[in-house]
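Below is one structure, written out as structure tokens, with a few remarks after it.
Predicted, not measured: the structure shown is a model, and the values here were computed from it. Any value given below was found using the heavy atoms of this structure, including those in side chains, with hydrogens, waters and symmetry copies removed.
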Amino acid sequence: MARLSDAEIEERLGQLDGWRRSGDAIVKEFDNGDFKGSVDFVNRITPAAEEMNHHPDLAISWSKVTVSLSTHSQGGITENDFELASRIDLLA
């Protein structure tokens, strides 16, 4: 899967709510109310990530989970990142 151009990334970000670009990744912070809610959210993400064989970088800070998506094997952002971002939004 090829890396997306800057223009393609900006266009796709415009179709997602709350996601932003951070270097070679797209990032979003999710507030889950408390630590248990954050862990539950991560557990909901796991099946989608496994199904796609595309695994996000996750950071849990009590009620917040920061999700960072990048296709490391391609050295940047690909269509897979946006597909998983869309799936994660549906699970939030």
Side-chain angles (χ1 to χ4, degrees):
M1 178 157 293
R3 288 174 47 180
L4 298 174
S5 70
D6 289 341
E8 290 170 317
I9 292 166
E10 290 306 313
E11 177 184 334
R12 285 172 173 77
L13 281 173
Q15 300 168 10
L16 294 174
D17 184 35
W19 289 87
R20 62 180 173 78
R21 185 174 187 175
S22 178
D24 285 334
I26 58 172
V27 178
K28 183 174 180 178
E29 184 177 88
F30 295 85
D31 190 334
N32 300 284
D34 58 20
F35 182 73
K36 183 181 180 321
S38 291
V39 172
D40 290 344
F41 175 60
V42 169
N43 287 333
R44 288 193 306 274
I45 292 172
T46 302
E50 285 294 309
E51 179 183 317
M52 289 182 66
N53 194 30
H54 191 56
H55 305 99
D57 292 327
L58 304 169
I60 299 174
S61 180
W62 194 65
S63 69
K64 293 181 172 54
V65 176
T66 302
V67 178
S68 179
L69 295 167
S70 181
T71 305
H72 301 293
S73 63
Q74 297 299 317
I77 302 167
T78 68
E79 188 59 42
N80 273 355
D81 300 305
F82 285 96
E83 181 171 339
L84 185 54
S86 295
R87 289 184 183 198
I88 290 170
D89 279 346
L90 292 174
L91 298 169

Scan the side chains in residues 52-63 for donor-acceptor partners under 3.5 Å anywhere in the protein, sequence neighbours excluded, and list what turns up.
from	atom 1	to	atom 2	distance (Å)
His54	NE2	Asp81	OD1	2.6
His55	NE2	Glu50	OE2	2.9
Ser63	OG	Asp31	OD1	3.4

Nearest-0.5 Å distance that lies between atom CD1 in Ile26 and atom NZ in Lys28: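 One gets 10.0 Å once the value is rounded to the nearest 0.5 Å.
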As an exercise, state the distance from CD1 of Ile88 to CD1 of Ile45, rounded to the nearest 0.5 Å.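 If we round to the nearest 0.5 Å, Ile88:CD1 and Ile45:CD1 are 4.5 Å apart.
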Verify same cluster id: [X], [Y] (apolar side-chain graph, 4.5 Å):
X	Y	answer
Phe41	Phe35	yes
Val39	Leu91	no
Val27	Ile77	no

For Leu4 and Arg12, what are the C-alpha separation, side-chain angles and deciding distance, and is it a side chain to side chain contact (heavy atoms under 4.5 Å, CB included)? CA-CA 10 Å; Leu4 298 174; Arg12 285 172 173 77; 3.7 Å; yes
Leu13 side chain reached by Phe82 side chain, heavy atoms, under 4.5 Å: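 Yes, at least one pair of side-chain atoms sits under 4.5 Å.
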Taking the side chain as C-beta and beyond, is there a heavy-atom pair between Leu69 and Val67 under 4.5 Å?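 In contact.
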If you measure only the distance, is there a donor-acceptor pair under 3.5 Å linking the side chains of Ser86 and Glu83?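 Ser86 vs Glu83: no donor-acceptor pair found between side chains.
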Under 3.5 Å, side chain of [X] to main-chain N/O of [Y], donor-acceptor pair present?
X	Y	result
Ser38	Asn32	no
Thr78	Gln74	no
Glu8	Ser5	yes

Would you call the rings of Phe30 and Trp19 parallel, tilted or perpendicular, where under 30° means parallel and over 60° means perpendicular?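 Geometry flag for Trp19 against Phe30: perpendicular rings.
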For Asp40 and Arg44: C-alpha separation, side-chain torsions, deciding distance, then whether salt bridge (Lys or Arg N to Asp or Glu O under 4.0 Å) applies. CA-CA 6 Å; Asp40 290 344; Arg44 288 193 306 274; 5.5 Å; no
For residues Asp24 and Gly75, report the shortest heavy-atom separation together with the two atoms involved.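 Scanning both residues completely, I find the closest heavy atoms to be OD2-O, 3.6 Å.
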Is it the case that more than 12 heavy atoms not belonging to Asp17 sit under 6.0 Å from its CG atom?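 No, not enclosed.
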